[in-house]
Amino acid sequence: MLEFMPLILFATICIVLMFGFPVALSLAGTALLFAGMGLGLEAIGVDANFDSGYLAALPNRLYGIMTNQTLLAVPLFVLMGVLLEKSKVAETLLDAMALLFGAMRGGLGISVTLVGMLMAASTGIVGATVVTMGLMSLPTMLKRGYSTSLATGTICATGTLGQIIPPSIALVLLGDVLSSAYQQAQLSMGIFSPKTVSVGDLFMGALVPGLLLVVMYMIYVALVAWFRPQMAPAADREELMAELGHTSGLGMLLLKGLVPPVVLIVAVLGSILSGFATPTEASAVGAFGALVLALAYRQLDWATLKDVLRSTTHVTTMVFMILIGAALFSLVFRAYGGEHMVTDLFEGMPGGVVGATIIVMLVIFLLGFILDFIEITFVVVPIVGPILLAMGLDPIWLGIMIAINLQTSFLTPPFGFALFYLRGVAPPSVPTSAIYRGVIPFILMQLGMLLMLTFFPQLATWLPTQF
């Protein structure tokens with residue numbers, strides 16, 4: 001039984017998390033418990049196959065986390081997103097897009113998709129985007145006669161775009177982990193001057209698949225509106241403007257609501273893609289730009305600023321605490337020989353690298369029901385990433401596949417996180433079954449994107465080679 005301790009450790013972590021205990025403390029506490037068991041068994045002469053030397057690396061790991069320049073982008077991107085949310089920039093943007101497209105059938109659904117894309121690019125947090133879009137757009141869509149399933153499905157799907165649309169916090173964290181895994185894989189292959197993969201590379205790789213998903217969403221909404229107009233009726237622009245409370249013209253509203261956030265996002269993303277700035281530097285520009293926008297919209301007072309800083313500190317602290325707990329978990333897992341066990345498992349798997357990739361994607365998909373992307377990024381990817389990359393997979397392609405896979409998992413009934421977030425803010429008149437029905441077409445589109453990336457990996461790998 002002792003030879004299966006890595007699997008027991010992993011299963012214990014999943015069980016503890018399902019009981020709702022804090023993630024960071026669950027990772028660190030369970031790892032320490034198993035480390036104590038290993039040391040105790042070794043002390044009484046029982047061979048537990050536990051190499052305590054791995055624990056000596058913990059101080060260096062923690063120092064590396066706190067001095068990691070890439071991870072500095074996390075609090076700054078969070079600050080940017082929270083500022084745009086609290087300053088009502090997103091609300092003004094949604095009103096502008098609704099007035100622009102609302103007069104056509106399916107126009108509100110297309111507006112929600114576009115605003116969700118921009119929100120995803122600015123916040124990068126699935127829960128924040130789904131809740132914000134649900135509170136702002138769902139009442140308007142239902143009042144305008146939209147099908148409950150179409151409205152809720154569109155909001156849930158666009159909310160999960162925060163996983164894949166850069167600059168995404170998920171991609172920042174995933175890029176940092178994949179960079180370490182890629183170097184580790186090359187060293188294991190005897191390559192002692194390893195190539196690197198950056199967060200900027202992952203951003204560029206995610207751009208084409210992310211935009212394709214947005215286009216697919218909009219085409220689906222347009223087709224539903226065309227063939228079933230009763231599910232997505234057109235809205236009267238004058239009535240919509242009166243309902244939203246805007247007295248200025250459409251042009252002025254677009255200038256105020258659409259141009260500033262789009263310019264900010266293009267400036268942040270463009271500086272990264274052009275190589276003019278690193279993701280960390282661009283995140284500082286984004287945070288400063290969001291602060292200027294909030295001041296320009298006269299939505300920033302001391303109370304709002306304190307709320308913004310409190311939210312940013314809370315999210316940032318959570319991320320780094322989970323990262324510290326995951327570092328300890330990884331060391332204990334390796335001390336029990338878990339890395340060699342996974343390597344032997346993958347190498348002996350039928351289908352070679354294809355079979356191993358399918359199994360990993362399936363496991364990550366299922367774990368997405370009980371773990372957030374941060375835990376999966378810090379716990380699962382460091383274990384399987386070096387092995388898959390050593391088998392010849394492209395790190396950028398693997399990162400995009402994991403991101404879209406998790407995006408699909410967060411949308412899949414009955415345990416998808418996005419469904420829970422929307423259920424929490426949706427009116428009681430909206431049945432849960434309607435939310436489940438509404439997301440099914442979007443799940444199929446995301447699975448279609450995974451298949452497209454499988455057969456045409458250039459969708460993710462082409463753009464990074466051009467810069």
Pairwise distance [atom1]([X]) to [atom2]([Y]) - rounded to 0.5 angstrom:
X	Y	atom1	atom2	result
Phe410	Tyr421	CZ	OH	8.0 Å
Ile15	Phe10	CD1	CZ	11.5 Å
Ile435	Ile440	CD1	CD1	12.5 Å
Cys156	Leu411	SG	CG	6.0 Å
Met449	Thr408	CE	OG1	10.0 Å
Leu450	Ile404	CG	CD1	5.5 Å

Checking the side chain of [X] only, and the main-chain atoms of [Y] only, is there a donor and an acceptor separated by less than 3.5 Å?
X	Y	answer
Glu281	Thr278	yes
Gln407	Gln163	no
Thr316	Thr313	no
Tyr336	Gly38	yes
Asn405	Met361	yes
Thr158	Ile155	yes
Ser283	Thr280	yes
Ser149	Gly438	no

Side chain to side chain donor-acceptor pair (under 3.5 Å) involving Arg437 - partner list, sequence neighbours excluded: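 Expected list: none.
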Begin from the C-alpha positions of Leu71 and Met66 and carry the test side-chain contact (heavy atoms from CB on, under 4.5 Å) through to its verdict. CA-CA 8 Å; Leu71 293 178; Met66 304 315 298; over 6 Å; no
Kindly indicate whether the side chain of [X], heavy atoms from C-beta on, has any atom under 4.5 Å from the side chain of [Y].
X	Y	answer
Ser311	Asp307	yes
Met5	Met37	yes
Trp397	Leu459	no
Val172	Phe203	yes
Phe50	Leu41	no
Val285	Ser271	no
Leu173	Phe373	yes
Met117	Leu213	no

Non-hydrogen atoms of [X] and [Y] that approach each other most closely:
X	Y	answer
Thr154	Leu150	OG1-O, 2.7 Å
Leu264	Gly289	CD1-CA, 3.7 Å
Ile443	Pro413	CD1-CD, 3.6 Å
Ala426	Leu138	CB-CD2, 3.9 Å
Met204	Pro464	CB-CG, 4.0 Å
Ala290	Leu83	CB-CB, 3.8 Å

Output, in order, the C-alpha distance, side-chain angles, deciding distance and verdict of side chain to side chain donor-acceptor pair (under 3.5 Å) for Ser179 and Asp176. CA-CA 5 Å; Ser179 177; Asp176 182 68; over 6 Å; no
Assess whether side-chain contact (heavy atoms from CB on, under 4.5 Å) is satisfied between Gln446 and Thr160, documenting all intermediate values. CA-CA 11 Å; Gln446 291 178 3; Thr160 61; 3.7 Å; yes
What do the steps show when you test Leu171 against Val199 for side-chain contact (heavy atoms from CB on, under 4.5 Å), and what is the final call? CA-CA 7 Å; Leu171 293 178; Val199 173; 5.6 Å; no
Which one of Ile376, Thr377, Ile359 satisfies the side chain to side chain contact (heavy atoms under 4.5 Å, CB included) criterion with Ile364?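 The single option meeting the side chain to side chain contact (heavy atoms under 4.5 Å, CB included) with Ile364 is Ile376.
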Please identify which of these residues, Leu453, Val214, Leu463, meets the side chain to side chain contact (heavy atoms under 4.5 Å, CB included) condition with Pro209.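 For Pro209, the side chain to side chain contact (heavy atoms under 4.5 Å, CB included) check succeeds only for Leu453.
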Please tabulate, for the side chains in residues 320-332, all donor-acceptor contacts under 3.5 angstrom to protein atoms that are two or more places apart in sequence or on a different chain.
none

Phe378 vs Leu27, test: side-chain contact (heavy atoms from CB on, under 4.5 Å). Steps then yes/no. CA-CA 10 Å; Phe378 290 155; Leu27 289 170; over 6 Å; no
Check the surroundings of atom CD in Gln69: do more than 12 heavy atoms from other residues, nucleotides or ligands lie under 6.0 Å from it?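 No, because the 6.0 Å sphere around CD of Gln69 holds 12 heavy atoms or fewer from other groups.
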Take atom CZ of Phe420 as the centre, draw a 6.0 Å sphere, and report whether it contains more than 12 heavy atoms from other residues, nucleotides or ligands. yes
Examine the side chains of Asp201 and Ser198 and answer whether a donor and an acceptor come within less than 3.5 Å of each other.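 There is such a pair (donor and acceptor under 3.5 Å, judged by atom type) between the side chains of Asp201 and Ser198.
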Taking the six-membered ring for Trp and the single ring otherwise, decide whether the centroids of Tyr220 and Phe442 are under 6.0 Å apart.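 For Tyr220 and Phe442, the ring centres are under 6.0 Å apart.
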